[in-house]
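All chains are named by letter (A, B, ...) in the order of the sequence lines, taking the proteins before the strands, and each is independently numbered beginning at 1. No experiment lies behind these values; they were computed from the predicted model shown. Hydrogens, waters and symmetry mates are skipped; everything else that's a heavy atom, side chains included, is used.
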Amino acid sequence: MPELPEVETIVRGLRKKIVGRKIVGVWLGWPKLVKSHNPAEFARILKGKKITGVERRGKNILMDLSAPKGVELKLLTHQKMTGHFMVGKWRLAGDKWESLNGGHLGHKKNSYIRLMLTLDDGRGLGLSDVRKFAKIILGERKEIENLPELKKLGPEPLERGFTFSEFEKIAKNKKSAAKRALLDQNFIAGIGNIYSDEILWLSRIHPLQPISSLSKERLQKLFKAIKWVLQKAVRLRGSSVSDYRDSSGKPGSYAKTRFVYRKAGEPCPRCGAKIISMKVGARTGHFCGKCQKISA
DNA sequence: CGATTCCCCTGATAGC
DNA sequence: TGCTATCAGGGGAATC
């Protein structure tokens with residue numbers, strides 16, 4: 001499940017591999033993936049365009065496209081749960097793409113490639129997505145930048161401009177419980193279920209603790225934990241708890257040293273008490289019942 | 001306004 | 001063995 005660190009890792013990989021490349025072919029195996037155009041239009045527009053940049057905003061990937069005399073376009077991708085881009089050499093075998101360099105998750109054939117953009121260097125940019133939750137929107141630069149899914153996003157937690165005073169301001173006005181707030185993309189962008197559990201454990205905050213009730217001192221701890229956990233995860237190239245892989249097919253290593261995520265029943269790395277799992281809204285949260293207590 | 005539920009999907013796993 | 005039920009989960013929309 002790509003969150004900020006996984007998306008950042010993919011974006012950095014893509015920047016090296018595909019910026020400057022021209023799209024020469026478009027194969028769309030799951031038409032519903034593209035929300036903005038029908039498959040024929042989508043392919044017609046993309047063909048011949050040059051990829052001039054790749055950026056991340058929250059968990060979204062934005063690719064800049066330009067044609068010799070055309071308007072500048074942007075391609076927005078949200079990978080949701082199981083989506084990830086893979087760059088490599090590919091061969092179409094029937095209706096399945098076969099990787100010619102390494103395969104994917106132990107299989108040579110990747111049955112889950114939903115989109116393949118073939119590039120002018122003979123490689124291909126594939127989007128693999130088991131559960132078909134990913135989405136793509138293509139449009140003019142301004143149009144994409146003004147989409148509510150980007151406009152409404154909260155601050156980028158790893159940016160220098162995201163300071164404690166800004167965090168304090170938004171946290172004081174936030175009514176919801178800590179776990180819910182961290183998962184809210186319009187509160188802070190990029191945090192998902194893995195890192196919200198990890199951040200709360202590190203700052204010793206109970207998932208249901210109302211965030212606005214935290215003292216300045218505890219809010220500072222939380223703020224530091226957000227930066228620390230996300231930075232560490234970016235350094236370790238993300239978490240591969242299930243099927244996340246980077247754009248070269250390599251797993252991330254954060255999961256090996258994680259504290260609590262999906263560790264119900266195991267001892268807390270800090271105090272040894274059993275880690276508990278609990279539903280928080282529609283998500284499963286994991287935390288230590290002993291060192292993450294709700295306070296008044 | 002916030003909280004909850006449904007929906008989109010498929011693979012893994014548990015239960016029979 | 002093989003079937004079915006359940007769950008996982010990002011996030012937007014509809015609903016309470």
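- Listed by first then second residue, pairs satisfying salt bridge (charged side-chain N to carboxylate O under 4.0 Å, His left out) with a partner in residues 194-203 of chain A read A:K179-A:D197, not counting sequence neighbours.
- Across A:H78, A:K59, A:R57, A:K135, a single residue satisfies side-chain hydrogen bond (donor to acceptor under 3.5 Å, both in side chains) together with A:E149, and that is A:K135.
- OP1 or OP2 of C:dG9 sits under 4.0 Å from a side-chain N or O of A:Y261.
- Here A:R283 pairs with nothing under the side chain to side chain donor-acceptor pair (under 3.5 Å) rule; sequence neighbours left out.
- Here A:F259 pairs with A:W201 under the ring pair (Phe, Tyr, Trp, His ring centres under 6.0 Å) rule; sequence neighbours left out.
- Axis angle between the ends of the helix from B:dG2-C:dC16 to B:dC16-C:dG2, five pairs each and rounded to 10 degrees, works out to 60°.
- Between the P atom of C:dG10 and the CG atom of A:N60 lies a distance of 14 Å, rounded to the nearest Å.
- Residues passing the side chain to side chain donor-acceptor pair (under 3.5 Å) test with A:R12, sequence neighbours excluded: A:E8.
- A sub-4.0 Å separation between OP1 or OP2 of C:dG10 and a side-chain N or O of A:R283 is present.
- Here A:H37 pairs with nothing under the ring pair (Phe, Tyr, Trp, His ring centres under 6.0 Å) rule; sequence neighbours left out.
- One atom, NE2 of A:H78, and another, P of C:dA13, lie 13 Å apart when rounded to the nearest Å.
- When the side chain to side chain contact (heavy atoms under 4.5 Å, CB included) test is applied to A:P267, no partner is found at least two apart in sequence or on another chain.
- If you take NZ of A:K279 and P of C:dT6, they are 14 Å apart, rounded to a whole angstrom.
- Remark on DNA chain C: of its neighbouring residues A:K152 and A:H286, the 5'-side contact belongs to A:H286, judged by nearest-heavy-atom nucleotide.
- Shown here are the side chain to side chain contact (heavy atoms under 4.5 Å, CB included) partners of A:A273, two or more places apart in sequence or in another chain: A:C271, A:C288, A:K290.
- Note that CD1 of A:I113 and CZ of A:F85 are 10.0 Å apart. Values are rounded to the nearest 0.5 Å.
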Dump the pairs, protein N or O against N or O of nucleotides 14-16 of chain C, anything under 3.5 Å, distances to one decimal.
none

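- Protein atom CG of A:D129 is 13 Å distant from nucleotide atom P of C:dG10, rounded to whole Å.
- Here the side chain of A:T284 is nearest to one of C:dG11, C:dA8, B:dG11, namely C:dA8.
- Atom-to-atom, CD1 of A:I136 to P of C:dG12 comes out at 16 Å; the value is rounded to the nearest Å.
- Checking B:dT10, C:dG9, C:dG11 against the side-chain heavy atoms of A:K59 singles out C:dG11 as nearest.
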Check against salt bridge (Lys or Arg N to Asp or Glu O under 4.0 Å), A:D129 and A:K80: CA-CA 9 Å; A:D129 182 26; A:K80 296 286 180 81; over 6 Å; no
Sequence-aligned protein contact record of nucleotides 2-9 of chain B, with B where the base is within under 4.0 Å of a protein heavy atom and S where only the sugar-phosphate is: -SB---BB
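- Across the protein-nucleic acid pair, A:N193 atom CG and C:dG11 atom P stand 11 Å apart, rounded to whole Å.
- The separation between A:K179 atom NZ and C:dG10 atom C1' is 12 Å, rounded to whole Å.
- Contact annotation: A:R262 side-chain N/O to C:dG9 OP1/OP2 distance is under 4.0 Å.
- In this structure, the ring pair (Phe, Tyr, Trp, His ring centres under 6.0 Å) partners of A:Y195, at least two apart in sequence or on a different chain, are A:Y254.
- A:Q185 pairs by the side chain to side chain donor-acceptor pair (under 3.5 Å) definition with nothing, not counting sequence neighbours.
- Residue A:Q79 is classed as having no contact, given no heavy-atom separation below 4.0 Å to the nucleic acid.
- Atom CG of A:L76 and atom P of C:dG12 are 11 Å apart (whole Å).
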